[in-house]
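Scroll down for the structure; my scribbles are underneath it.
So you know, we letter chains A, B, ... as the sequences are listed, proteins then strands, and number each from 1. For the numbers below, each heavy atom of this structure counts, side chains included, while hydrogens, waters and symmetry mates do not.
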Amino acid sequence: MKLLYTTSKLGVGERIYQAKRVTQEPRADVPEKIRSISGANKRRHSSGSESEPEEDPSSSEEEEEQEQDPEKSSGSAVNAAEKAEEGVGKAEAEQPPAAPSAPVPQAAPSRAPCQPAVFIPVDRTPEIQEARLKLPILAEEQVVMEAINENPIVIICGETGSGKTTQVPQFLYEAGYASSNSTIGITEPRRVAAVSMSQRVAKEMNLSHREVSYQIRYEGNVTDETKIKFMTDGVLLKEIQKDFLLSKYKVIIIDEAHERSMFTDILIGLLSRIVPLRHKKGLPLKLIIMSATLRVEDFTDNTRLFSVKPPVIQVDARQFPVTVHFNKKTPLDDYSGECFRKVCKIHRMLPAGGILVFLTGQAEVHSLCRRLRKAFPYQKNNSAGGEDDKEDSVEEIRKFKKSRKRRKVLALPKIDLNSYSVVPVDEGDEDRDIDSDDDAAGSDLDLDLGDGDSGEDEKSDSSLPLFVLPLYSLLAPEKQAKVFRSPPAGTRLCVVATNVAETSLTIPGIKYVVDCGKVKRRFYDRITGVSSFRVTWISQASADQRAGRAGRTEPGHCYRLYSSAVFMDFEKFSAPEITKRPVEDLILQMKALNIEKVINFPFPTPPPTEALAAAEELLIALGALKEPPTTGRLKEQLAAKLSCPISPLGRVMATFPVAPRYAKMLALSRQHDCLPYTITIVSAMTVRELFEEFDRPAVSEEEAAQLKGKRARFLQMQKVWAGQGPMQKLGDLMVMLGAVGACEYAGCTRSFCEENGLRYKAMLEIRRLRGQLTTAVNSVCADAGLYVDPKMKPPTEAQVTYLRQIVLAGLGDHLARRIQAEELLDDKWKNAYKTALLEDPVFIHPSSVLFKELPEFVVYQEIVETTKMYMKGVSAVEPEWIPALLPPYCHFGKPLENPPPSYCPGTGRVLCHRPSVFYRVGWQLPAVEVDYPEGIERYKHFARFLLEGKVITELSSYSKCLLSSPLIMLKTW
DNA sequence: GAGCACTGC
């Protein structure tokens, strides 16, 4: 079957203003005349617009658009009234407002929210102006702005390429939403997007980075003059913590809302409440949600979120048509092989244009790269590039030398498109065409290729060089960058990628997409938190997104290695992140915003109740939330569930931008100068994949030897970093600390990382995170005086012990105990550990430095299930620490008589030894000294100590004169 | 004795 992915023609799109259909009627409380001003306020206003505010924008505007002078925007065509306003706008833009020149009619509450009657001129270059006019969204400016002016919340739907991200902020700026010292805020789900969008918009508007700025986790260029601010979604969430009403913004745009990232979802929930609050205060805030797909029901039909349905504006995209070809048969498991065959066919038979293949993981990517390179070898004819591509096999190099003599200029196949029909019919194994009525796609001929093997693909063919590149997130950035450069002359680019290429990275020049239809996802067990990775089918939206990657620069083709029937069985959208992940970090953030009844929060899609309960339970155990009452009426107890308020400790923890378990470690580390070490360990645990992977299969013997050498070197270093003697008990966390310490000591250079098996990018991220955490800790305790020391000394033995205790206090729910010999019933429990929540055995991961040690008690960073359940990031724990540091997880028995209770003169407390068991699993724990439990017995002991003169030492001389021994106080009467 | 996609504070 042949389906058309998108059919809009360049620049001219039919316009749908769904707002008129989807949304509520125009607000009754808005006088007609005021609404019409929004029409008159436009540069290309028509004289009729004042009386015809509902005029269809697509009918009358067309010609005006053609006539429009690029210079117009500099102000020449603005009518007199607007010119007057412009003066105001200019004054505001260039100097602090002398007087509140009320462009925003905040004083009139009965009126439609915020109607800036200003026009801020922008001086764009003619080239920019011309390029802008091609963007479909530009034709919708009036519709968009009218909707925004008249509604507090607007949803804009437009696929990639509609220009909404770059243009809507400019519309708002021109309409005065950045005047009076306020800001237009735009959130992006990725850092690169925030940075690059700010740069592009600054350039388009001919403004400096002081006015169009960005803010991401570690850096930004925001100034007092900033008018348009791009930021990552997490940054805005943090800002809400400081200023709940976001008073410096007049508009917030949430971009890429369809991706449904966790922070985006929370922001939308929060903003749904902030917008009405701001309205009440007479300082209206506009919320614009921008989404690529039509997946907006979660927003529009969610009355808890938005009681009034926000209008939805749909904008066309300037995408080229992509013809979608489905396989007739769906390969059961060898999708990788099917990819190979499909790429071979495309490369042999179809015209020039890059190929992008979607696979699921690194190993698959590398193996397909090898196969393709073997089939269509490409050899560099000049080594001047200096880049040695280690993935080129020895064999290929040998072949290259052989063939050099008869080497001609490499060229792409010049196939006769009309002779395509000579392909045997039985190979045309695809779903047969449903007629595509799109000319643009048809012009590229019928490019169905059929599935299955034609049998000759494996033969090496050096006359058809294919420039094959791998692409995945963990690939070193300099290797990633290769895909953005144009391939060597005479070759065809073929990028074999994971899901990074779906949203995060856009590769230029892709004409063919090969989509295996699968994705590797991380799954979390909602109760135990154990994660695993599974390869699953993608969603329809995801498949369309992948297909769209073929139509960025010209019409393209997408080959789906599954049938249209299978496609129809895909879920429409993948589930929002918030429903699939542990949410303890989010809940802590929300509690810090004093949202106690998290269950009542207007989530666009709420997380499962079990996830909320697990999060609340963990936060209580960490001491971040106040414990709910365990006495009183059952009803009250239930009501208190999931509504615990935050504790002072929780507030401190919420200021640290790391997972709550790690935040707890930071909060504890003031003692014994452990902070710099805890900060480093926490940073290292937060950044993923510190170490290079050497276990991947090698291409050649040479490479195998190289990998072996690197691996040996790394294992050696691992031993060094793990420390000596008792220090080794900090386990994998000691390795992290040692690795980061050594790397920083050496100046955190790329070469040091490469030599020692460290991921350079990870080390840079750790360095920045250490900086951020150091600042955060300093701002909590001003006298800490911390700084990031590149020459940080290793911790002392005593400090390592404290660090182990700190780690235990944070990872209390991640405690595991080794199966004792006498408990060993089944061989599958050999070397195994038991945890509180899991029935099944868990094991220390073989990569752990404690793999052979097998301490009785360990804590782990995470459990990942592969062939077994493996604990990663393991650290050893002394049994007696458990009751002392994790009282919430221990059930204590009666105070022991031996050793006897004692009095602590320093603190004035009555102490005793109590045995305990670990919750749920009932492990016997050593008796430790704790406060004597509340009750009459405690007072009896106190009375005895008082009489003995231990409380007031002066009394000790009298104790002998007492008629009875002070011990009589303990008697039961 | 191993094999992890992607991203934000």
Mind checking [X] for me? I need base, sugar-phosphate or nothing, with any heavy atom below 4.0 Å counting as a touch.
X: A:Phe656; answer: nothing
X: A:Thr866; answer: sugar-phosphate
X: A:Glu689; answer: base
X: A:Phe843; answer: nothing

(message) Under 4.0 Å between a side-chain nitrogen and a carboxylate oxygen: does that hold for A:Glu259 and A:Arg190?
(response)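 A:Arg190 and A:Glu259: salt-bridged.
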
(message) I'd like to know if A:Glu862 and A:Arg688 make a salt bridge, using a cut-off of under 4.0 Å between side-chain N and carboxylate O.
(response)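 Looking at A:Glu862 and A:Arg688, the cut-off is not met.
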
[X] [atom1] to [N] [atom2], straight-line distance once rounded to whole Å:
X: A:Glu577; N: B:dG8; atom1: CD; atom2: P; result: 11 Å
X: A:Tyr218; N: B:dT7; atom1: OH; atom2: P; result: 14 Å
X: A:Ile587; N: B:dC9; atom1: CD1; atom2: P; result: 20 Å
X: A:Glu765; N: B:dC9; atom1: CD; atom2: P; result: 8 Å

Given [options], which nucleotide is nearest the side-chain atoms of [X]?
X: A:Arg711; options: B:dC6, B:dC9, B:dG1; result: B:dG1
X: A:Lys520; options: B:dC4, B:dC9, B:dA2; result: B:dC4
X: A:Ser473; options: B:dC6, B:dC9, B:dA2; result: B:dC6
X: A:Thr498; options: B:dC4, B:dC6, B:dG1; result: B:dC6
X: A:His845; options: B:dG8, B:dA5, B:dG3; result: B:dG3

Does [N] have OP1 or OP2 under 4.0 Å away from a side-chain N or O of [X]?
X: A:Tyr472; N: B:dA5; answer: no
X: A:Ser504; N: B:dT7; answer: yes
X: A:Thr867; N: B:dG1; answer: no
X: A:Arg688; N: B:dA5; answer: no
X: A:Arg190; N: B:dC6; answer: no
X: A:Lys238; N: B:dC9; answer: no
X: A:Thr503; N: B:dC6; answer: no
X: A:Gln362; N: B:dC4; answer: no

(request) Taking side chain to side chain contact (heavy atoms under 4.5 Å, CB included) as the test, write out the residues that go with A:Phe533, two or more places apart. (result)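 Partners of A:Phe533 under the side chain to side chain contact (heavy atoms under 4.5 Å, CB included) test: A:Lys520, A:Arg522, A:Val864.
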
(request) Let me know which of A:Ile288, A:Leu271, A:Ile186, A:Asp265 forms a side-chain contact (heavy atoms from CB on, under 4.5 Å) with A:Ile254. (result)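 With A:Ile254 as partner, side-chain contact (heavy atoms from CB on, under 4.5 Å) holds for just one option, A:Leu271.
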
(message) Under the criterion side-chain hydrogen bond (donor to acceptor under 3.5 Å, both in side chains), I'd like the reasoning laid out for A:Thr503 against A:Gln545: C-alpha separation, chi angles, the key distance, then a yes or no.
(response) CA-CA 8 Å; A:Thr503 49; A:Gln545 174 76 17; over 6 Å; no

(request) Map A:Gly361 and A:Pro189 onto DNA chain B by nearest heavy atom, then report which one ends up closer to the 5' terminus. (result)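 On the 5' side of the pair lies A:Gly361.
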
